[in-house]
2 protein chains.
Amino acid sequence: MTADRTTNDVRGDASVTSPPQADPSGSAAKLVRSIPEATVARLAVYLRMLGELAEQGAETVSSEELATATGVNSAKLRKDLSYIGSYGIRGVGYEVASLHHQIERTLGLDRQQAVALVGVGNLGHALAGYSGFGGRGFPVAALFDVDPDLVGIHINGIVVEHVRDIPRVCAERGVTIGMIATPGPAAQSVCDQLVRAGVQCILNFAPVVLQVPEQVEVRKVDLAVELQVLAFHVARRRAGDASDTVVAPSVANGVRDGVHVTNGSAVLPR
Amino acid sequence: MTADRTTNDVRGDASVTSPPQADPSGSAAKLVRSIPEATVARLAVYLRMLGELAEQGAETVSSEELATATGVNSAKLRKDLSYIGSYGIRGVGYEVASLHHQIERTLGLDRQQAVALVGVGNLGHALAGYSGFGGRGFPVAALFDVDPDLVGIHINGIVVEHVRDIPRVCAERGVTIGMIATPGPAAQSVCDQLVRAGVQCILNFAPVVLQVPEQVEVRKVDLAVELQVLAFHVARRRAGDASDTVVAPSVANGVRDGVHVTNGSAVLPR
DNA sequence: CCATGTGAAGGCCTTCACAGCC
DNA sequence: GGCTGTGAAGGCCTTCACATGG
């Protein structure tokens, strides 16, 4: 049955106040519903699947179907959706188009967010060329680097500018999200400049902990950590049982961990 | 004060039995200590910082120092370290080299893990060229693609093989970890072949939920999700208060969320 | 005295189970 | 009858606070 699931990361923080919601009651702003961080990440996953379902011509989905397709428990999915409102029809399921729209609105994807990418080395170059961003409402509006061999070249029709111009260029192009794909030592300085340029959120690929003012949100993607966590599981498995054939059907007494899908982000590698 | 923290993802699962530990007691295997998944991810972060500290010539660190440097709470750090044993010295701190070694052992990094990368398109090419893998005990031992224009080329001295040869090549080279950087539609089929080849862990960059047998561990990295979560926070902020200057010092009543560092993986983009 | 290691408390999230509604 | 929405229960993880020991 190949159990699997996609659980997402968690802040040490509490949950998060919701975006503007057409709340009919004139209640004070203090009691707005709040959405757990873990739920927000999963909503993005549901959204993608809803897009695929719509393309396939589906009109409705049940929580069970959508949950299976996205690798979560159906109760969890219903609870997640309950945070954004009651858009399901009992006895039927969810209307695909409508739910898609509601999630999009909740995630703030109804307006485009200009992205700046700093560091067009190995990884950065790949990110710059990744066509999935623009298509998903995240047009890459600016590229930066310090390498004179890179400054001035075009990637996907965008010129690479010098890092020193971050404040001006970001302001001009209304950048709201920054991505840092520089070597570790350069990351903090780049981060500071992005913050000075008014960027509110940063996706950090550099292996450092960024210091930012309270109002700036940082998410970190650390490939080395991912691999090391996997390495741990390989080691654990090797230690645990002796079989090394592919699929051992017998289940050791009490060691029913099995395997699962973890974490929460992905790239359309086109 | 730039509060920040790096919280890592969480499985829906329970924690995880520990790797072989020189337990002096002859106790039954059933009671071995178990390490929370969240802790495992942070251990990798501590490990990197310990490496840097060692390079700088530090002999010892306190939990407070190491915690600040890695963006976590010092109590959490001590609890994390307590899962792998008592290697600290009260009144002093931790011996850098020794702690580094213990974490390495716990994560199973004392033996190399051969990695196979499937899909050398945009992102995959960048990953293949990422020099940080080999240096960290994860040599990329095999590359695969279906594109005839790619099969046969060399990247970093490694030939790109055809996907159909996954079972043979992976077996030959003792691959234990697979990375999937193909377009979404190809991912499941590639995954099946990796599993058939005996790969135990998979790092999935494709935006699909992989179906795997219970014994295979999958971690997913989804850039689109990361950006959408950030977009949500931008939207939330825009909805919350009206100021859009860079650093508004006043804190809205009850909206003291601020900002933080989230999630858990990163790439040394060299 | 200072910093580790850890029971205990608290918080967030998941899971269960069923009432409510179509 | 079926599926959603949700209170309640349970689990994992974080945080606190202090006993413990160099």
Side-chain angles (χ1 to χ4, degrees), chain A residues 3 5-16 33-43 46 59-68 70-96 98-99 102 257 260-262 264, chain B residues 3 5-17 33-43 46 59-68 70-96 98-99 102 257 260 262 264:
Chain A
R5 95 191 48 146
T6 306
T7 307
N8 284 297
D9 46 6
V10 169
R11 303 260 298 289
D13 254 316
S15 43
V16 143
R33 202 195 320 264
S34 122
I35 305 183
E37 183 79 6
T39 292
V40 173
R42 282 191 301 267
L43 286 175
Y46 306 152
E59 301 261 324
T60 62
V61 252
S62 68
S63 64
E64 189 59 45
E65 289 164 346
L66 188 52
T68 303
T70 53
V72 305
N73 178 309
S74 71
K76 190 193 292 189
L77 181 138
R78 288 198 301 277
K79 178 138 290 195
D80 284 341
L81 294 183
S82 78
Y83 288 112
I84 69 174
S86 294
Y87 299 111
I89 307 157
R90 295 177 192 231
V92 179
Y94 300 88
E95 209 263 301
V96 172
S98 146
L99 185 56
Q102 293 302 336
D257 274 307
H260 300 110
V261 184
T262 325
Chain B
R5 98 191 47 149
T6 306
T7 308
N8 285 298
D9 46 5
V10 170
R11 303 260 298 290
D13 254 316
S15 43
V16 144
T17 41
R33 203 193 319 267
S34 122
I35 304 182
E37 182 82 5
T39 292
V40 172
R42 282 191 300 268
L43 287 176
Y46 306 150
E59 301 263 323
T60 62
V61 253
S62 68
S63 65
E64 188 60 44
E65 290 164 345
L66 188 52
T68 303
T70 52
V72 305
N73 178 308
S74 72
K76 190 192 294 190
L77 181 139
R78 288 198 300 278
K79 178 136 293 196
D80 283 342
L81 294 184
S82 78
Y83 287 112
I84 68 173
S86 294
Y87 299 110
I89 307 156
R90 296 180 191 230
V92 179
Y94 300 87
E95 208 263 300
V96 172
S98 146
L99 186 56
Q102 292 303 336
D257 271 308
H260 301 111
T262 325

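Protein chains get the first letters and strands the later ones, always in sequence-line order, with residue 1 at the start of each.
Between B:Leu43 and B:Leu81, the closest side-chain pair of non-hydrogen atoms falls below 4.5 Å.
Considering only side-chain N and O atoms, A:Lys76 lies under 4.0 angstrom from the phosphate OP1 or OP2 of C:dT15. Within the 4.0 Å cut-off from OP1 or OP2 of D:dG5, at least one side-chain nitrogen or oxygen of A:Tyr94 is found. Not one side-chain nitrogen or oxygen of B:Ser62 sits closer than 4.0 Å to the OP1 or OP2 atom of C:dA3.
Rounded to an integer number of Å, the gap from A:Tyr87 OH to D:dC3 C1' is 19 Å. Atom pair A:Glu64:CD and C:dC16:P shows a separation of 12 Å (rounding to whole Å applied). Nucleotide D:dG7 holds its P atom 11 Å from the OH atom of A:Tyr83, rounded to whole Å. In this structure, B:Asn73 atom CG and C:dA3 atom C1' are separated by 15 Å, rounded to whole Å. If you measure from atom CG of B:Leu99 to atom C1' of C:dT4, you get 12 Å, rounded to the nearest angstrom. Between B:Lys79 atom NZ and C:dG7 atom C1' the separation is 7 Å, expressed in whole Å. Between B:Leu77 atom CG and C:dA3 atom P there is a gap of 14 Å when expressed in whole angstrom units. Here C:dT4 presents its C1' atom at 13 Å from CG of B:Leu66, a figure rounded to the nearest Å.
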Counting primed atoms plus P, OP1 and OP2 as sugar-phosphate and everything else as base, spell out the protein contacts along nucleotides 17-22 of chain C at 4.0 Å heavy-atom distance: B, S or - for each nucleotide, 5' to 3'. B--BBB
List the steps and the verdict of side-chain contact (heavy atoms from CB on, under 4.5 Å) for B:Leu99 and B:Tyr46. CA-CA 9 Å; B:Leu99 186 56; B:Tyr46 306 150; over 6 Å; no
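Residue B:Asn73 holds its CG atom at 8.0 Å from CD of B:Glu64, rounded to the nearest 0.5 Å. From B:Tyr94, atom OH reaches atom OG of B:Ser86 across 8.5 Å, with rounding to the nearest 0.5 Å.
Contact record, B:Ala67 with B:Ser74: CB-CA, 3.5 Å, taken as the closest heavy-atom pair.
Pairs passing the salt bridge (Lys or Arg N to Asp or Glu O under 4.0 Å) check and including a residue from residues 79-89 of chain A, sequence neighbours excluded, read A:Arg42-A:Asp80.
Taking the side-chain hydrogen bond (donor to acceptor under 3.5 Å, both in side chains) definition, one finds that A:Glu95 meets it with nothing, sequence neighbours left out.
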